[in-house]
Structures are given as C-alpha cells and as structure tokens.
There are 2 protein chains.
Amino acid sequence: MLDIVRQDNEETTSGAARVFTFFRDRLLAGDLKAGDRLLPERELALALGVSRPVLREALRSLAMLGLLDIQHGRGAFVRAADASVLGQALTLCLAPEPNILDDVLQARIAIECQAIRLACERASERDLQAIAGILDTLVESLDDPERGGGADYAFHLALVRASGSVALMKIYEAISPLLMRSHVERRRDTFREPAITSRLVDAHREVFLSLARRDPDQAERALREHFLIGDELRRKNLISNYQPREITS
Amino acid sequence: MLDIVRQDNEETTSGAARVFTFFRDRLLAGDLKAGDRLLPERELALALGVSRPVLREALRSLAMLGLLDIQHGRGAFVRAADASVLGQALTLCLAPEPNILDDVLQARIAIECQAIRLACERASERDLQAIAGILDTLVESLDDPERGGGADYAFHLALVRASGSVALMKIYEAISPLLMRSHVERRRDTFREPAITSRLVDAHREVFLSLARRDPDQAERALREHFLIGDELRRKNLISNYQPREITS
DNA sequence: TGTCCTAAATTGGTAAGACCACGGACTGAC
DNA sequence: GTCAGTCCGTGGTCTTACCAATTTAGGACA
C-alpha cells in the first residue's frame, strides 16, 4: 500500500498532499464507495507510511470538502458527493465579484433553457405528472409567500430533473442556494398583487403545456418569457424600494 | 482574535473546523485579499488559541481547496480563487455517474447559448475583434488538429467572455477540462475531411456574424446548428469506430 | 435466565516538543 | 563589486502523551 502511494506521485509533493490525492483518486476510480468505513487513523497512518498528524491533515481536508464524514469515537466514512460542495466552491469563486445575483440568474436561465429542451425529448410521463402536481400546489399557495416560493422553486427544479441530465441538475443545485434568497424575497414583495400572481401562474402553465406538447422552441420561448416577467418585477421593486431613500436623503 | 473565533461558532464544532470556517468567512467577507500573507503558523496558532497541528489541519484544508498557497520556507499566502476548484468539485460530483461526457456537453451548450444571447447585448468592439481574430486563426489552422482544436476552444471561450457574465464564465471554465479531451480527439478524427472542416468553419463564421449583427435569436440558432453538426460527427465516429470491433469479435 | 449498568477497549481530538528541510538575507572574503 | 557561506525564519514531519466520545462486553442484580 505504501508503494502505491509512492509510485504515482513525484517525491516533490509533500506527505499530506500525497495522501490526499491518493484518497481522491480512489474516490474518483470508485474503489471507495459511499458508506465505506476507513481504517482507524493509527492503522491507516502505519499502512501509508506517514505519521498520524500528516494523515489527519489529509483526512481533514477531505472532510472539509465534504467527501468524508469523520465521527468522533466511530471512525471515518465515505460520504456521497453532493452538490453542496459545488455550491460552496461556486460561492467562493464568485465572492470577490460584485452584482453576483444578476449574474447567477443568467446561469440559471442558461441551465433551465437547455434543460427544458432536453426535457421535451426525454421527459417521462412520471416527470410530467410530477410537474403538473407542483403546478397545482403553486396555484393553491398563491397567498402564502413561503409555500408559494417553495412550489416555484420545486417547479423549476422538476423541470431540470426532467431533462435527465445529471450535470445540469448538479450545476442547478449548486447555484440554487445563491438564488433562494432573492426567490423568496421577491415573492414576499409581489404576492399581494393579483395581476402579477395571475401572470406568474399563466407563465408557469404555459411552460408546462409547451413541455407536454414536446415543443422545445415554444417551451424555451415560454420559459424566457417567464424570466422576463421576473426581471421586470425585480426592476420595479428595485425602483420602488430605492426612490423613497433618495427622497429622504 | 481568539474571542472572534469562539463567538461565531457553537462549541460543538471541533477546533480545526472552527479555524477553517474562520478563514473561509474572512475570505468571503473580503478581509483577506489575494496575495496577503498569513502570520507564521506558530504565531497564528497562539493567536487563535489552538495547537499547531490543529491550525495546520485547517490551513491544509484551505490549501487543498486552492484558497491558500503554502510555500515551504516562505509562508502561507492567500490565493485568488480560480475555476480549477470548481472544476475539481464538479469532477468529484460527477465521478460516479456514467456517460458524463454527453451530459457535460449539454451543460456547455446551455452556458454558450445563454452567453451568446447576452453577448449580443453586451459585447464590446474589442470582444468582437478578439473573436474575429480567433476565427482567422481557426481558418489558418485547419490542417493542424492541435492548433485547430485550441483555436476552436478559444473561439467558444471568447464567446462566453463576451457575455460579460462572470458566473457563466466560471462555470464554463469549470466544465472545460472535462470537454477538452473529446474536443481534441474529435478534431483529430475529422480534420482530414475537407467537407467537414469547411462546414465547421462556416458554422463558426455564421455564429460570429449573427453576434456581430446583434441578433440573439439568430445567433443562438446558429450556435445550436453548430453543436448539431458536432453531435452528428460524434455519432458517425462512434459508429465507424465501433463497427470493426463488432465484426472482429 | 434475562436485563441493566458499569467499565474497558476502540477511535477520533488535541497538545507539546523536537527536529528536519527549504528560502532568503546578511555578512564576510575574494 | 561580486560571490559564497552561514544564520535565521518558516513550513514539514515525527513522536509521545493524554483527553473525549462511542461502542461493546462482561458482570451484577432482579
């Protein structure tokens, strides 16, 4: 086992990095599956030919990345890689940039528009039924910004899921937390105006119908229309929230 | 400084995790900028009230994430967050899934189609000139799969850059390494057929012209057309590469 | 005989100290 | 003035010891 570690790394890389890449490659190769338990730290350190602190540095790094679940007194377990890591990485990458929200929204539109095109080809009956169900929930919960926002999000998530593309889904999940905040806030601002909510429901219904008709161009158009409405609302809110301040200042 | 660490974390979290989130939050908040040098490990451990191994575990984790650049004999420096972290995270998330390549390609199409729409609105003259220059390189290097592939990639990257969306750009950079391989391979398979290469150049030129005309719908259509050509080629290659095996087996 | 409680073994968490290896800066000799 | 050697600061590693949480097994009691 020691030899394995030594052979696939130049001796220039330090110990902790060596152990880190060792486990990462094992994960990528599928040698380690989710739920697997690692050997105790002391044995592992001995087997890999490094001291316990060095091993721990590598293990902690993997844990911070969300790849390992280390439990006091129990051991270290391989965790199924989820999108939360991606989301964190994205957040860190985008942290120094200003006006991230608009930008991430563009990424969201990108993902969804492609997803709905794929969904028009690939969506199963179950997918369509799921989306239809969420649409009903959306209509029911018009007067509850919390539930309504949740249904709204669920609708779009179901769209992406119906595309059958894992990559799109993961990226969408990664950017979702960044969108969530604005999603609910906007809803809270606008849910009282019947004209807007009715337009919102119409837009969602139109998207769904186009998808059910398996018409990619029409579906994408409907979706873009929906986003335009949202954009318009955001501008309106920005203005109405900003004007008073300017007057008072 | 010790108090700061203690206050914004429950005492349930372990020391290394506490230090880790401490620095991560500092990075997110912008208190630590790229190029900044951290205090020596010994002083830092003292200041934060933890032992040196614990501090090292946290620092290592940050380094593995690409947020820190630890140099032997010099010190630890804050590194500008780049897309490579994102790419690694994405790779890890998608590792267990089969047929990732097609899937990532869908993500690429999603990003580019949205990017070109934005680019039609936002692209500067310099952006357009840059793309035009790459187009020339593309034409010149038709007979060199290596250079041609590079120019092809540069063309699409320039498209996304012209969108002016950092988020789209980062995500595109993140998925690029996963695409690179197939990109060059495909090119190597097809570059000898003049009919194909001429179609390829026409497709790129068409995309560029639509962008220069600031026509989002037309630009997206041209881009999708281009991807369809690529898809067609891929199928053809798959078939021609697969048939012989089936016969010989 | 069964159940519950306690104590030991297992395993991760933390600390302290010592030493090695690398880089840069200072100082001396040429 | 330039070059080389040495010293200091810094990260890299190892050893050892002990603490804390969890599990498990064995013994006491009903």
Side-chain angles (χ1 to χ4, degrees), chain A residues 1-6 9-24 26-27 32 34-79, chain B residues 1-6 9-24 32 34-79:
Chain A
M1 208 166 190
L2 185 147
D3 294 339
I4 296 169
V5 183
R6 287 279 150 82
N9 282 288
E10 310 304 323
E11 61 279 349
T12 55
T13 58
S14 65
R18 229 167 40 220
V19 178
F20 178 83
T21 57
F22 171 74
F23 281 108
R24 194 200 53 191
R26 285 298 132 112
L27 286 165
L32 290 172
D36 285 358
R37 179 180 168 182
L38 266 56
L39 280 88
E41 291 185 354
R42 290 166 178 85
E43 295 177 37
L44 215 47
L46 196 65
L48 291 162
V50 294
S51 69
R52 210 178 138 214
V54 170
L55 179 82
R56 275 183 58 81
E57 285 176 16
L59 256 43
R60 288 311 282 233
S61 298
L62 292 162
M64 298 295 179
L65 272 166
L67 271 55
L68 239 50
D69 187 16
I70 303 180
Q71 297 178 27
H72 193 164
R74 298 196 58 205
F77 302 85
V78 178
R79 178 147 47 170
Chain B
M1 212 169 188
L2 186 146
D3 295 339
I4 296 169
V5 183
R6 288 276 149 84
N9 282 288
E10 310 305 322
E11 61 279 350
T12 57
T13 59
S14 66
R18 231 168 38 220
V19 178
F20 178 84
T21 56
F22 171 73
F23 280 108
R24 195 200 53 192
L32 290 172
D36 285 357
R37 179 181 168 180
L38 267 54
L39 277 77
E41 290 185 355
R42 291 166 178 84
E43 295 177 37
L44 215 46
L46 196 64
L48 292 164
V50 295
S51 70
R52 204 172 147 221
V54 170
L55 179 80
R56 276 184 58 81
E57 285 175 17
L59 256 43
R60 273 290 184 181
S61 299
L62 292 163
M64 298 295 178
L65 271 166
L67 271 55
L68 239 50
D69 187 18
I70 304 180
Q71 297 179 26
H72 194 162
R74 298 196 57 204
F77 301 84
V78 178
R79 177 147 49 170

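Order of the sequence lines fixes the chain letters, A, B, ..., with proteins taken first and strands second; residue numbering starts at 1 for each chain.
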Measure [atom1]/[X] against [atom2]/[N] and give the value in whole Å, please.
{"X": "A/Asp69", "N": "C/dG12", "atom1": "CG", "atom2": "C1'", "value": "12 Å"}
{"X": "A/Ile70", "N": "C/dT14", "atom1": "CD1", "atom2": "C1'", "value": "14 Å"}
{"X": "A/Leu44", "N": "C/dT10", "atom1": "CG", "atom2": "P", "value": "17 Å"}
{"X": "A/Glu57", "N": "C/dG12", "atom1": "CD", "atom2": "C1'", "value": "16 Å"}
{"X": "B/Glu41", "N": "D/dG9", "atom1": "CD", "atom2": "C1'", "value": "12 Å"}
{"X": "A/His72", "N": "D/dT22", "atom1": "NE2", "atom2": "P", "value": "8 Å"}
{"X": "B/Phe20", "N": "C/dG13", "atom1": "CZ", "atom2": "P", "value": "15 Å"}
{"X": "A/Phe77", "N": "D/dA21", "atom1": "CZ", "atom2": "C1'", "value": "13 Å"}

Of the nucleotides C/dT14, D/dG12, D/dT15, which one has an atom closest to the side chain of B/Ser51? C/dT14
From C/dT14, C/dC19, D/dT13, nucleotide with atom closest to B/Arg56 side chain: D/dT13
Can you tell me how far apart [atom1] ([X]) and [atom2] ([Y]) are? Round to the nearest 0.5 Å.
{"X": "A/Leu44", "Y": "A/Arg56", "atom1": "CG", "atom2": "CZ", "answer": "12.0 Å"}
{"X": "B/Met64", "Y": "B/Leu59", "atom1": "CE", "atom2": "CG", "answer": "11.0 Å"}
{"X": "B/Arg37", "Y": "B/Gln71", "atom1": "CZ", "atom2": "CD", "answer": "9.5 Å"}

Would you call A/Phe23 and A/Leu38 a side-chain contact if the rule is heavy atoms closer than 4.5 Å? yes
So, is B/Arg52 close to the C/dG17 phosphate, meaning a side-chain N or O under 4.0 Å from OP1 or OP2? no
Please determine whether a side-chain nitrogen or oxygen atom of A/Arg74 lies at a distance below 4.0 Å from atom OP1 or OP2 of C/dA9. no
Which comes earlier along DNA chain D counting from the 5' end, the contact point of A/Gly73 or that of B/Arg42, where each point is its nearest nucleotide? B/Arg42
